[in-house]
Engineer: 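Below are the structure tokens for one structure; questions will follow.
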Protein chains: 4
Amino acid sequence: MPDQPKRRQRRADGELSRTRILDAATEIAAERGYEGTSIGAVSAKCGLPASSIYWHFKDKDDLIAAVIERSFGNWLTVWQLPDDVIARDRLMEVATGTAKAVLDSPDFLRLGLMLALERRPVEPKARAMFVQVRQRAFEALQTSIRDLGPALTEDQVSQLATYALAGADGLFIAKEIGGDTVDLVALFALHGQALYDTALRMIAENEQR
Amino acid sequence: MPDQPKRRQRRADGELSRTRILDAATEIAAERGYEGTSIGAVSAKCGLPASSIYWHFKDKDDLIAAVIERSFGNWLTVWQLPDDVIARDRLMEVATGTAKAVLDSPDFLRLGLMLALERRPVEPKARAMFVQVRQRAFEALQTSIRDLGPALTEDQVSQLATYALAGADGLFIAKEIGGDTVDLVALFALHGQALYDTALRMIAENEQR
Amino acid sequence: MPDQPKRRQRRADGELSRTRILDAATEIAAERGYEGTSIGAVSAKCGLPASSIYWHFKDKDDLIAAVIERSFGNWLTVWQLPDDVIARDRLMEVATGTAKAVLDSPDFLRLGLMLALERRPVEPKARAMFVQVRQRAFEALQTSIRDLGPALTEDQVSQLATYALAGADGLFIAKEIGGDTVDLVALFALHGQALYDTALRMIAENEQR
Amino acid sequence: MPDQPKRRQRRADGELSRTRILDAATEIAAERGYEGTSIGAVSAKCGLPASSIYWHFKDKDDLIAAVIERSFGNWLTVWQLPDDVIARDRLMEVATGTAKAVLDSPDFLRLGLMLALERRPVEPKARAMFVQVRQRAFEALQTSIRDLGPALTEDQVSQLATYALAGADGLFIAKEIGGDTVDLVALFALHGQALYDTALRMIAENEQR
DNA sequence: TATGAATGAGGTTTCATTCAT
DNA sequence: TATGAATGAAACCTCATTCAT
């Protein structure tokens, strides 16, 4: 009379539970944003009671911040700025890589941008974390752009990096809204080209002056 | 709660109340997004009881949709695509005008983008309304771009329009995150130039082939 | 055709609801103290849903403070310090009256003393209100004692008033713990006598010195 | 959470943990009462996980009872009724000693009185324990008072003891509310004197009759 | 001699909404 | 043209407690 293995999963497997919670929270938060992510919904999706979520995370803010943190880790493994290519190919390559990264893990960006846009009285830890992550991407872009040539002023480098990031954000949104009608890879290529041309034009203008 | 002694301009009060509610809702929704906007908070901010909000608007969805609708009206008065300029100045002019429009009424864009990013099970009317408004802007851009020259394919026109819009969205976000460190006018000029150059390059390539 | 007054009690009868809530809250709070009074229990006892309690009171703190406030009103109608008796009977009379007042409405005192004893990080409004009420009783006692004779120093007046109040509090507690084995009226008489004798002794000592 | 590297004094650690828990629980319970004392708060204050508290104590009731029990022990070492003094000094001496005891360990009294005042459906063990401790003090007082003279009836002895205790409780509360404005030692002296005078008056009245 | 992890019940409060007036 | 009052559902979070290790 071998009854089915009832699996009283009561043994301590905290790491797995934490992961399950984060998975559920990531999925929901990426779709509905901060306020739209309810602990109850996360609980329902991951199967653990709400009170168990509070064993692993101090509060909702802590949970969403952990979601951003982990998503950023995943994102980093996808979006690797190349270090050894020659200068003139750099921006194009970054553009293409970024297109792929955006396509591969849109959850991170969607949630991050939602957080970035919100202006609530007390800034959630999650937003701060995303902004900080974004700042790192910005600095990496500055470094890449600086390598294009010594003729660019720091202001120009910063402007180009801002424009590079803005294009990426905007194209992501275009894809979100437009769906399949938007060819993200082509658009990122276009963006990379535009950036490169703009940089060259700036360099030329600088030298002329 | 109503502290003024009942004035008797019965006729106009309805419209005024509606306006007060919309003002409050706009402010809150632009800061906190759809879920973050509670009827209670709107009521507290505009001074009218929650039940009065339901007299003016069917439900929360209807209220937020009205917010988008009215904001779009305001936006249109600020962002006027020029119809009669000669082709080569067109994009730059649009770019500069758009920069000003973005700076003037960020609430509309912030709320709209938040709505656009969210993916909730039943799409709010407000989101549909914003997407539709955006589509109109997209079409206006296409028309402008088409006027640059007959050599551009429809695919290219569409791509350029998408890129134009994406740049605007991205630069708006950059401004939201970066605050005073971001010079929106300069960046929109850069964006306009990049668009124009890209369009010219496309035309050249088309003719060469 | 007068049909039976079906009383769809949905019409606005806020004052009655408020009273029902306060009645329930008073009963529970007097038995269990601040923390022991849950909104859920009040809701169950008064029949209104918990959310309705929040229509009438801002939060739990506000509710308990209102309980104290109303109870104090009731208490005042029971405990009236006599204003026109001659000096030498005054304390005894007050003592007897206080005994009756304590016996008549123990809820106010029990809750008040519980609040007074607690030392929570943020002092509840209810505690502040009770302490303030108590201060008024203290001042009334001071006035009464001052009338006993001009020979008492202010320090002595204050000390006697403190002792008078302390005796009342202590006897109330004795009654709470001892129940029927404690004859409150006799003890308050004893307390009044002791106070009076002490006052006389003080006066005598003052004059001797 | 446990940051010290596991020391191996296995033997003594049990008792030490118990003490740490009791210390934390005493502090919290003396400030917030029974319901206000949560296992989580005790755990946070003493640094041991909640489950460890349940290893040392059966449940919350057991914990608070242990707090009262230990506090009473400490109290007894402070408040020693003199056994060998002559009758007429006795009450005064007790009064002064009690003032000091009250000043030295207010936590015990505060918690005890809070427990005594509460009226919850199932009486906590801690309340029963405090009431029983109090009964012992009551009996000691009776013995002391009885020694004042054989002329006092048992009713009078009981009444005087009740009044003695009530005064102590009331003065403690006065101190709790009034803080530094209350001179406890002077008031306890006054109380002792009043008791002594009252006793003498009773004896005189008895003999007169 | 502990403790990490879990859990159901219940805590306070806010939610969107309705309805009688 | 409003609004005072009510309401069930759900929000976030804490509760006392258990149990396998």
Side-chain angles (χ1 to χ4, degrees), chain A residues 8-18 35 37-43 48-61 63, chain B residues 1-2 6 10-18 35 37-43 48-61 63, chain C residues 8-18 35 37-43 48-61 63, chain D residues 1-2 6 8-18 35 37-43 48-61 63:
Chain A
R8 294 281 269 110
Q9 194 81 14
R10 284 299 301 268
R11 49 77 170 292
D13 200 347
E15 210 47 52
L16 187 142
S17 291
R18 209 187 122 96
E35 305 253 18
T37 303
S38 80
I39 300 292
V42 174
S43 157
L48 290 167
S51 48
S52 292
I53 295 176
Y54 283 89
W55 168 259
H56 293 277
F57 302 93
K58 191 171 81 60
D59 54 19
K60 180 174 159 174
D61 204 22
L63 170 60
Chain B
M1 213 68 81
K6 261 194 183 148
R10 287 273 176 83
R11 195 59 62 92
D13 272 348
E15 211 45 49
L16 186 141
S17 290
R18 211 187 119 96
E35 305 253 17
T37 302
S38 78
I39 300 292
V42 173
S43 156
L48 295 169
S51 48
S52 294
I53 296 176
Y54 281 87
W55 194 88
H56 289 279
F57 302 94
K58 189 169 85 58
D59 55 17
K60 179 175 161 174
D61 205 22
L63 170 61
Chain C
R8 293 280 267 111
Q9 197 77 16
R10 283 300 299 269
R11 55 40 168 327
D13 200 348
E15 212 46 54
L16 188 142
S17 291
R18 209 187 122 97
E35 305 253 18
T37 303
S38 80
I39 299 291
V42 174
S43 157
L48 290 167
S51 48
S52 292
I53 296 177
Y54 282 88
W55 169 259
H56 293 277
F57 303 94
K58 191 172 80 62
D59 53 19
K60 179 175 162 175
D61 203 21
L63 171 60
Chain D
M1 211 70 82
K6 259 194 182 144
R8 94 171 56 179
Q9 30 172 172
R10 286 273 175 84
R11 194 60 60 94
D13 273 349
E15 211 46 50
L16 186 141
S17 290
R18 211 187 118 97
E35 305 254 18
T37 303
S38 78
I39 300 292
V42 173
S43 156
L48 294 168
S51 49
S52 294
I53 296 177
Y54 281 87
W55 193 89
H56 289 280
F57 302 94
K58 188 170 87 57
D59 55 18
K60 179 176 162 175
D61 205 23
L63 170 61

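Every chain is numbered from 1 and lettered A, B, ... according to where its sequence line falls, protein lines coming before strand lines.
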Engineer: Listed by chain and number, what are the side-chain contact (heavy atoms from CB on, under 4.5 Å) partners of C/Ser38, not counting sequence neighbours?
Structural biologist: C/Ala41

Engineer: Measure across D/His56 and D/Ser17 and return the closest heavy-atom pair with its distance rounded to 0.1 Å.
Structural biologist: NE2-CB, 3.5 Å

Engineer: Could you spell out the base pairing of DNA chain F as a dot-bracket line? Use Watson-Crick and G-U wobble contacts where both distances are under 3.5 Å, [ ] for crossing pairs, | for partners on a different strand.
Structural biologist: .||||||||||||||||||||

Engineer: Measure CZ/C/Phe57 against P/F/dA6 and give the value in whole Å, please.
Structural biologist: 11 Å

Engineer: Between C/His56 and F/dA6, is there a contact of a side-chain N or O with OP1 or OP2 at under 4.0 Å?
Structural biologist: yes

Engineer: Does OP1 or OP2 of E/dT7 have a side-chain N or O of A/Ser52 closer than 4.0 Å?
Structural biologist: yes

Engineer: Please tell me if the side chains of A/Leu63 and A/Ile39 come closer than 4.5 Å, counting only heavy atoms from C-beta onward.
Structural biologist: yes

Engineer: Can you name the nearest heavy-atom pair linking B/Lys60 to B/Glu35, along with the distance?
Structural biologist: NZ-O, 3.8 Å

Engineer: In whole angstrom, give the distance that lies between atom CG of A/Leu48 and atom P of E/dG8.
Structural biologist: 10 Å

Engineer: Report, as a single string ordered 5' to 3', how protein heavy atoms within less than 4.0 Å touch nucleotides 9-16 of chain E: B base, S sugar-phosphate only, - not at all.
Structural biologist: --SSBBSS

Engineer: CH2 of D/Trp55 to CZ of D/Arg18: how many Å apart, nearest 0.5 Å?
Structural biologist: 10.0 Å

Engineer: Who pairs with A/Asp61 by side-chain contact (heavy atoms from CB on, under 4.5 Å), at least two apart in sequence or on another chain?
Structural biologist: A/Tyr34, A/Asp59, A/Pro124, A/Lys125

Engineer: To the nearest angstrom, how far is A/Leu63 atom CG from F/dC13 atom C1'?
Structural biologist: 13 Å

Engineer: Can you see if the side chain of D/Trp55 gets near the phosphate of E/dT1 - specifically, an N or O under 4.0 Å from OP1 or OP2?
Structural biologist: no

Engineer: Between D/Ser17 and E/dT1, does any side-chain N or O lie under 4.0 Å from OP1 or OP2?
Structural biologist: no

Engineer: What heavy-atom pair brings C/Ser43 and C/Ala50 nearest, and what distance separates the two atoms?
Structural biologist: OG-N, 3.4 Å

Engineer: Give the rounded distance in Å between these two atoms: CG of C/Asp13 and P of F/dG4.
Structural biologist: 15 Å

